[in-house]
Amino acid sequence: VTGMRIYLDKIPEILDLLQEECAEVIQNVSKVRRFGLDNKYLNGEGTQQDALVKELVDVLVLLNLLGDQGMFDGYNIDELVSNKQQKLAKWTKVYE
């Protein structure tokens with residue numbers, strides 16, 4: 001958001017929010033697995049996929065805030081991503 005400043009003393013609060021949002025992602029993933037992506041909920045005001053995407057975006061926002069605070073400075077994120085992709089390719093079927 002333009003004009004917003006985040007201060008280093010906000011990292012604990014951001015981490016608390018991230019923890020809460022990750023728990024909400026876990027809950028939504030469970031609902032998707034149980035009911036399916038297209039399942040309507042809340043009297044037809046959306047689908048399980050809609051709810052999951054919203055929660056995933058909430059996590060992305062908090063990850064971006066942590067990045068703005070330098071949480072990832074000094075780490076080779078591209079290398080870490082590549083390493084994880086290689087592990088997934090080896091141990092799962094997600095890249096088949």
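Being a predicted model, the structure only gives us computed values, none of them experimental.
Going from atom CG of Asp68 over to atom CG of Leu62 covers 11.0 Å, rounded to the nearest 0.5 Å. In this structure, CG on Leu52 lies 12.0 Å from CZ on Arg33, to the nearest 0.5 angstrom.
For the salt bridge (charged side-chain N to carboxylate O under 4.0 Å, His left out) condition, the pairs that include at least one residue of residues 54-66, sequence neighbours left out, are Lys54-Asp58.
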Let me have the donor-acceptor pairs involving side chains of residues 74-90, under 3.5 Å, with sequence neighbours excluded, atom names and distances please.
| from | atom 1 | to | atom 2 | distance (Å) |
| --- | --- | --- | --- | --- |
| Asn76 | OD1 | Asp78 | N | 3.3 |
| Asn76 | OD1 | Glu79 | N | 2.9 |
| Asn76 | ND2 | Glu79 | OE1 | 3.4 |
| Ser82 | OG | Gln86 | NE2 | 3.3 |
| Asn83 | ND2 | Glu79 | O | 3.4 |

Side-chain polar contacts of residues 23-30 - donor-acceptor pairs under 3.5 angstrom, sequence neighbours left out - could you list them?
| from | atom 1 | to | atom 2 | distance (Å) |
| --- | --- | --- | --- | --- |
| Ser30 | OG | Ile26 | O | 3.2 |

- [ ] Starting from the C-alpha separation in whole Å, work towards a yes-or-no answer on side chain to side chain contact (heavy atoms under 4.5 Å, CB included) for Val53 and Gln49.
- [x] CA-CA 6 Å; Val53 167; Gln49 181 174 351; 4.2 Å; yes
Task: Criterion side chain to side chain contact (heavy atoms under 4.5 Å, CB included) on Leu18 and Leu63, from CA distance to verdict - done: CA-CA 8 Å; Leu18 179 62; Leu63 291 175; 4.3 Å; yes
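A search for side-chain hydrogen bond (donor to acceptor under 3.5 Å, both in side chains) contacts involving Asn64 returns nothing, not counting sequence neighbours. With sequence neighbours excluded, no residue forms a salt bridge (Lys or Arg N to Asp or Glu O under 4.0 Å) with Lys31. Take Glu20 and apply the salt bridge (Lys or Arg N to Asp or Glu O under 4.0 Å) test, not counting sequence neighbours, and it matches no residue.
When the side chains of ILVMFWY residues are joined at heavy-atom separations under 4.5 Å, either directly or via intervening members, Phe35 and Leu37 end up in two distinct hydrophobic clusters. Leu60 and Leu66 are assigned to two separate hydrophobic clusters, defined by single-linkage of ILVMFWY side chains at heavy-atom distances under 4.5 Å.
Residues Ile14 and Gln69 meet the side-chain proximity criterion, which asks for heavy atoms closer than 4.5 Å. No side-chain heavy atom of Gln48 sits under 4.5 Å from any side-chain heavy atom of Asp38.
The local environment of CZ in Arg34 is crowded, with over 12 non-hydrogen atoms from other residues, nucleotides or ligands closer than 6.0 Å.
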